[in-house]
> 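Dropping a structure here in structure tokens format, bear with me for questions.
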Amino acid sequence: AAAVQNPPSLTGTATPVALPEPVAAPGFATPLTDGWLPDGRLTLDGIGAAAAFGECALDVVVTALTATRPGTVVSGPGIPISLSFDADPTGPVRATATVRTATGTATLVALLPLVAPDEAVAVGVWVAGTEAVLAVGGTALARRRMAAPVASTAGAVSIGARVDATGDAATEATIVAVTIADHLDTAAEAELARAAADGLGEIDSLVASGAEGAAGAATGDEMRTGGVRWRTFETATAYWSASTGAHLVHARIGAVYTAR
């Protein structure tokens, strides 16, 4: 694992920022009292293999997060995960994680809770086998099943690079800590298992896989009543329950059933 708080292998410059109060961060034995604001792209070398036995974890803690400029907080060939923040049209900050697998990519999106500027926000992207979750404050808000495990990695990791690849600082946030690990801790494993049992992401994973045919674009948000989840798409409605798993009901079949 690599816990980033001004390590010797980190190149680039950043402005130190004193935190209003100490912040506990994954991978650090004691609460942190200072964060840093990248003056441009920071590069972390010597990560090596960022995934072992199909597991990989990225945890980022930030404060003063506004994301008025979209920016990739962590990315690069040395890690199979990239994490970016941008402003969602509805107001909150949106976190987007992209996981590179051996056969393609999987994207997870979640809206971050509205917090005071001096409050810390912890965002984690945890991958185990062919499952990935995007967690905020330790709770999974998005999950995907993937067709293959994460891709092998080699090279550097960039922190604070802009989406448009310029040298300017990206998301306007104070980075408190970045932790990269080649395994999940027990809390992440438990949350990943809970999210899977609760059906989080099963509908979108099914539709993205095309295993039961094309459904078109989503026409509404995912809904839930009791233990049943469903979401409407252009040509089908997808349902999930713990007993049946996720399945598509295509429009024509649904129309015939309704007519009866």
Side-chain angles (χ1 to χ4, degrees), residues 1-44 57-75 79 81-88 90-97 108-126 133-142 157-162 168-181 183-192 194:
V4 179
Q5 183 74 5
N6 298 325
S9 59
L10 189 67
T11 59
T13 60
T15 301
V17 178
L19 302 175
E21 58 184 37
V23 174
F28 295 88
T30 59
L32 304 175
T33 58
D34 294 286
W36 31 282
L37 185 65
D39 298 325
R41 179 184 289 106
L42 300 175
T43 301
L44 179 64
L58 168 66
D59 288 279
V60 176
V61 181
V62 297
T63 63
L65 179 59
T66 60
T68 56
R69 295 182 295 181
T72 302
V73 181
V74 177
S75 64
I79 183 172
I81 300 168
S82 67
L83 177 65
S84 64
F85 296 138
D86 67 341
D88 188 79
T90 62
V93 173
R94 177 172 52 202
T96 301
L108 301 91
V109 180
L111 296 182
L112 304 186
L114 295 174
V115 298
D118 58 348
E119 287 188 64
V121 178
V123 180
V125 186
W126 307 326
V133 299
L134 173 58
V136 179
T139 300
L141 299 184
V157 175
S158 295
I159 302 172
R162 279 181 61 82
D168 298 331
T171 302
E172 295 150 5
T174 299
I175 299 176
V176 177
V178 176
T179 306
I180 299 169
H183 63 280
L184 304 187
D185 61 22
T186 54
E189 288 178 342
E191 181 58 16
L192 196 143
R194 183 207 63 79

> If I take atom CD1 from residue I180 and atom CD1 from residue I79, how far apart are they, to the nearest 0.5 angstrom?
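It comes to 4.0 Å.
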> If you look at every heavy atom in G138 and A135, which pair is closest and at what distance?
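Scanning both residues completely, I find the closest heavy atoms to be C-CB, 4.3 Å.
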> Could I get the full list of side-chain contact (heavy atoms from CB on, under 4.5 Å) partners for P22, not counting sequence neighbours?
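Checked P22 against side-chain contact (heavy atoms from CB on, under 4.5 Å); matches are P31, T33.
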> Does any non-hydrogen side-chain atom of V74 lie less than 4.5 Å from one of V157?
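With C-beta onward as the side chain, the pair touches.
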> Could you pull out the closest heavy-atom pair between L134 and V109, with the gap in Å?
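So the minimum-distance heavy-atom pair works out to CD2-C, 3.9 Å.
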> Specify the closest pair of heavy atoms between I175 and V62, including all atoms of both residues, with the distance to one decimal.
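Between these two residues, the closest heavy atoms are CA-CG1, 4.2 Å.
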> State, with a plain yes or no, whether a side-chain heavy atom of L58 is found less than 4.5 Å away from one of V178.
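Yes - at least one pair of side-chain heavy atoms lies under 4.5 Å apart.
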> Can you tell me how far the CD1 atom of I159 sits from the OG atom of S75, to the nearest 0.5 Å?
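Reported value, rounded in 0.5 Å steps: 9.5 Å.
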> Write down the atom of A18, the atom of D34, and the distance for their closest heavy-atom approach.
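Looks like CA-OD1, 3.5 Å.
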> Kindly give the heavy-atom pair with the smallest separation between A57 and H183, and that separation in Å.
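So the minimum-distance heavy-atom pair works out to CB-O, 3.7 Å.
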> Restricting to side-chain contact (heavy atoms from CB on, under 4.5 Å), what partner residues turn up for A122, sequence neighbours left out?
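For A122, the residues satisfying side-chain contact (heavy atoms from CB on, under 4.5 Å) (neighbours in sequence not counted) are V61.
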> Report the residues that fulfil side-chain contact (heavy atoms from CB on, under 4.5 Å) with A188, sequence neighbours left out, ordered by chain and then residue number.
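Once residues adjacent in sequence are excluded, the partners of A188 under the side-chain contact (heavy atoms from CB on, under 4.5 Å) criterion are W126, L184, D185.
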> Measure across D59 and G124 and return the closest heavy-atom pair with its distance rounded to 0.1 Å.
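Closest pair (atom of D59, atom of G124, distance): OD1-CA, 3.6 Å.
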